[in-house]
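Just below is one structure, and these are the notes that go with it.
Every chain is numbered from 1, with letters handed out A, B, ... down the list of sequences.
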Protein chains: 2
Amino acid sequence: MKPTKSIEDYLKAIYILSLKEKDVRMKDIAQLVSVKLPSATEAINKLIKNGYAKHSPYSDVTLTKKGEKIGKEIWNKHQILYKFLKEVLGISQDKAFREACLIEHFISDETREKLKKFIEKTLS
Amino acid sequence: MKPTKSIEDYLKAIYILSLKEKDVRMKDIAQLVSVKLPSATEAINKLIKNGYAKHSPYSDVTLTKKGEKIGKEIWNKHQILYKFLKEVLGISQDKAFREACLIEHFISDETREKLKKFIEKTLS
DNA sequence: TTCAAAAGTTAGGTTAACCTAATAAATAGG
DNA sequence: CCTATTTATTAGGTTAACCTAACTTTTGAA
């Protein structure tokens, strides 16, 4: 039942877009995930089938509670990893961002929490 | 031309096995990578096609220079991540190992080096 | 208000990585 | 030295995630 890395990427993208824009469109999701539109359509249909999102054809996409929870979690892990890579290790913004995007799918909640506390302690 | 995560897993496995055993056998590779034998056969053929390994049917597997370099690199990244997770963050042995196995494919050489130096500094 | 451009979907195809079942080769114990 | 077991390969199939090309719906500018 655990969502795939790809599904997590879509949920994160939709979550981020929904923070900034009134309507989240297919086009924007595809762009943010770096895929073509048909791939986004297919992926969103999978999200819907699994109860992560709602969407009717040619309309905007919204997350369910369940979908939002995961999207938010991944984005949160991303931000913590980004901060660690950039501020603790001194990796450049761009590279830190890109690596955080890859690693975010693989750290446990425990690691996220411990890393968060560790960063706070280290940077104070 | 960058090897896939899966290819890296096989190269790492063969590298580790070659440190301990005279002959590296398909059976052992499959077991360490957690796949069935036919999957290992298929994967090793891909390694050969890409110049990472040598192998004749029903015989042992050896890495080329190129293959060994990558296997060793991944194992090195793994060990550094493992140490960070376990000794700096305080994650349990098992969990630290499992997470290191996932993350090892995604950190750059720069991050590996900076993380290594950071661990040394922190644990001293 | 219409119609061209933009956005979205559908159809059909590719690739990587895995699997099971069947087969072949190698090896080891009686 | 032969045959049962173990090891390895081949054949054929599945799934997830992507793609292009073709089609449909929506939108916005003249």
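Taking 4.0 angstrom as the limit, B:Thr41 places none of its side-chain polar atoms (N or O) nearer than this to OP1 or OP2 of D:dT10. At the phosphate of D:dA17, OP1 or OP2 sits under 4.0 Å from a side-chain N or O atom of A:Thr4.
Looking at which nucleotide of DNA chain D each of A:Ser39 and B:Leu37 is closest to, the 5′-most match is held by B:Leu37.
Regarding B:Lys46, its NZ atom lies at a distance of 9 Å from the P atom of C:dC18, rounded to whole Å. Counting to the nearest Å, the P atom of C:dC19 and the NZ atom of B:Lys36 are 7 Å from each other. The nearest whole Å value for the distance from the CD atom in B:Gln31 to the P atom in D:dA8 is 12 Å. C:dA25 atom P lies 14 Å from atom NE2 of B:His55, rounded to whole Å. One can place CD1 of B:Ile48 at 13 Å from C1' of D:dA8, the figure rounded to the nearest angstrom. Atom-to-atom, CD1 of B:Ile44 to C1' of D:dA8 comes out at 12 Å; the value is rounded to the nearest Å. With rounding to whole Å, A:Asp28 atom CG is found 12 Å from C:dG8 atom C1'. Atom CD1 in B:Ile29 sits about 14 Å away from atom P in D:dT7, given to the nearest Å.
Defining each end axis of the helix from C:dT1-D:dA30 to C:dG30-D:dC1 as the rotation carrying four pairs' C1' atoms onto the next four, with five pairs an end, the two axes are found to diverge by 0° to 10 degrees.
Taking the side chain to side chain contact (heavy atoms under 4.5 Å, CB included) definition, one finds that A:Ala30 meets it with A:Val35, A:Leu37, A:Ala40, sequence neighbours left out. Residues satisfying the side chain to side chain donor-acceptor pair (under 3.5 Å) criterion with B:Glu73, sequence neighbours excluded, are B:Lys69. A:His105 is linked by a side chain to side chain donor-acceptor pair (under 3.5 Å) to A:Glu8, A:Asp9, counting only residues two or more places apart in sequence or in another chain. Scored by the side chain to side chain donor-acceptor pair (under 3.5 Å) test, A:Thr111 finds A:Ser108, B:Glu99 as partners (sequence neighbours excluded). Residues passing the side chain to side chain contact (heavy atoms under 4.5 Å, CB included) test with A:Lys72, sequence neighbours excluded: A:Tyr15. Residues meeting the side chain to side chain contact (heavy atoms under 4.5 Å, CB included) test with A:Ala13, sequence neighbours left out: A:Leu32, A:Val33.
Counting all heavy atoms, side chain and backbone alike, B:Asp60 lies closest to B:Arg25 at N-NH1, 3.9 Å.
The distance from the CG atom of B:Leu19 to the CH2 atom of B:Trp75 is 8.5 Å, given to the nearest 0.5 Å. Atoms CD1 and NZ, from A:Ile91 and B:Lys114 in turn, are 4.5 Å apart once rounded to the nearest 0.5 Å.
Remark: B:Ser6, B:Tyr10 in residues 6-23 of chain B come within less than 4.0 Å of DNA chain C through at least one heavy atom.
Checked for salt-bridge contact, A:Arg112 and A:Asp109 meet the test: a charged N lies under 4.0 Å from a carboxylate O.
Residue pairs meeting the side-chain hydrogen bond (donor to acceptor under 3.5 Å, both in side chains) criterion with at least one member in residues 38-53 of chain B, sequence neighbours excluded, do not occur.
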For nucleotides 22-29 of chain D, list the nitrogen or oxygen atoms of the protein found under 3.5 Å from its nitrogen or oxygen atoms, one pair per line.
| residue | atom | partner | partner atom | Å |
| --- | --- | --- | --- | --- |
| D:dT24 | O2 | A:Tyr58 | OH | 3.3 |

Anything under 3.5 Å between a protein N or O and an N or O of nucleotides 12-14 of chain D, put it in a table, one pair a line.
none

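The side-chain heavy atoms of A:His78 and A:Ile74, taken from C-beta on, include no pair separated by under 4.5 Å.
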Determine all donor-acceptor pairs shorter than 3.5 Å in which one atom belongs to a side chain in residues 115-124 of chain B; sequence neighbours excluded.
| residue | atom | partner | partner atom | Å |
| --- | --- | --- | --- | --- |
| B:Thr122 | OG1 | B:Phe118 | O | 2.8 |
| B:Ser124 | OG | B:Glu120 | O | 3.3 |
| B:Ser124 | OG | B:Lys121 | O | 3.0 |

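Remark: the backbone N or O of B:Gly67 is paired with a side-chain donor or acceptor of B:Thr64 at under 3.5 angstrom.
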